[in-house]
Amino acid sequence: MIIYTTAPVAALTGTAKILGISEGSPDEIWERHGSELGLSREEFDVYLTGAATAYALMLSDPRRLSEPLPLRELREKASFHPPQSFRYMTRTMIDRLAGGNHPDYGLLEDLLSAGVQQPLPS
């Protein structure tokens, strides 16, 4: 997965591999993964207010891009318009965004080679 960080950063900032997806009620997800989420129960509950179902992504191999790709470029070159729960990235989009000159081009290209599994429901 390619990670987009919201404002004030507003850029693609990293990558990670998705090992699995956990689905359940917010309480079930908190029970299974609360200690690994990096936020308090209160923050978790506020974020999921009104949700009957929650999803948790299990990630591995997180990597920070050495040069984030700013939202301005994402909009101009790849028609990327956040917020979105997910977006498929094609080789053409990666080429337009990073090109062969970006220091993290190889890392981004490797993600495409790994293949895409199933997207999360929006």
Side-chain angles (χ1 to χ4, degrees):
M1 83 185 303
I2 299 172
I3 300 167
Y4 174 78
T5 303
T6 59
V9 176
L12 293 183
T13 57
T15 66
K17 294 180 182 174
I18 300 173
L19 293 178
I21 301 171
S22 183
E23 176 183 357
S25 70
D27 286 338
E28 290 168 336
I29 295 298
W30 182 262
E31 283 291 317
R32 284 185 237 150
H33 306 288
S35 64
E36 304 165 308
L37 294 178
L39 69 163
S40 71
R41 178 63 197 244
E42 182 180 353
E43 292 167 319
F44 178 82
D45 288 342
V46 167
Y47 185 76
L48 291 170
T49 297
T53 305
Y55 298 88
L57 302 177
M58 279 65 75
L59 305 177
S60 71
D61 199 22
R63 296 185 183 184
R64 184 179 304 272
L65 297 182
S66 59
E67 290 183 23
L69 293 164
L71 180 57
R72 175 185 44 77
E73 288 184 42
L74 298 172
R75 285 183 170 147
E76 289 172 5
K77 298 179 181 178
S79 299
F80 181 87
H81 301 282
Q84 295 179 340
S85 57
F86 73 91
R87 167 124 190 214
Y88 288 109
M89 296 294 284
T90 64
R91 182 167 309 283
T92 301
M93 292 169 90
I94 295 295
D95 287 343
R96 284 184 191 158
L97 289 171
N101 297 327
H102 192 278
D104 298 304
Y105 179 76
L107 175 62
L108 297 169
E109 189 176 44
D110 286 348
L111 289 174
L112 292 175
S113 300
V116 176
Q117 301 299 315
Q118 295 182 6
L120 288 175
S122 51

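Predicted, not measured: the structure shown is a model, and the values here were computed from it. Just so you know, residue 1 is the first one in the sequence shown, and it goes up from there.
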Apply the hydrophobic cluster definition, ILVMFWY joined by side-chain contacts under 4.5 Å directly or through others, and give me every member besides Trp30.
Ile29, Leu37, Leu39, Phe44, Tyr47, Leu48

Return the CG to CG distance between Leu74 and Leu12, rounded to the nearest 0.5 Å.
4.5 Å

same_hphob_cluster(Met1, Ile21) at 4.5 Å side-chain heavy-atom cutoff:
yes

When you group the ILVMFWY residues by side-chain heavy-atom contacts below 4.5 Å and let the links chain together, are Val9 and Leu71 in the same group?
no

Can you list the residues that meet the salt bridge (charged side-chain N to carboxylate O under 4.0 Å, His left out) rule with Arg75, with sequence neighbours excluded?
none

In chain order, what residues pass the salt bridge (charged side-chain N to carboxylate O under 4.0 Å, His left out) check against Glu28, with sequence neighbours excluded?
Arg32

Mind checking whether Tyr4 and Ile2 have side chains closer than 4.5 Å, heavy atoms only?
no

With a 4.5 Å heavy-atom cut-off, do Ile3 and Thr15 have their side chains touching?
no

List for me each residue that meets salt bridge (charged side-chain N to carboxylate O under 4.0 Å, His left out) alongside Glu73, sequence neighbours excluded, and say none if there are none.
Lys77

Glu42 CD: over 12 foreign heavy atoms closer than 6.0 Å:
no

Just jot down the side chain to side chain contact (heavy atoms under 4.5 Å, CB included) partners of Asp45, sequence neighbours excluded, or say none.
Arg41

Do you know which two heavy atoms are closest between Ala52 and Pro26, and how far apart they sit?
O-CD, 3.5 Å

Closest non-hydrogen atom pair between Met58 and Ser22, with its separation
CE-N, 3.5 Å

Those residues that, when tested against Arg72, pass side chain to side chain contact (heavy atoms under 4.5 Å, CB included) (two or more places apart):
Pro70, Glu76

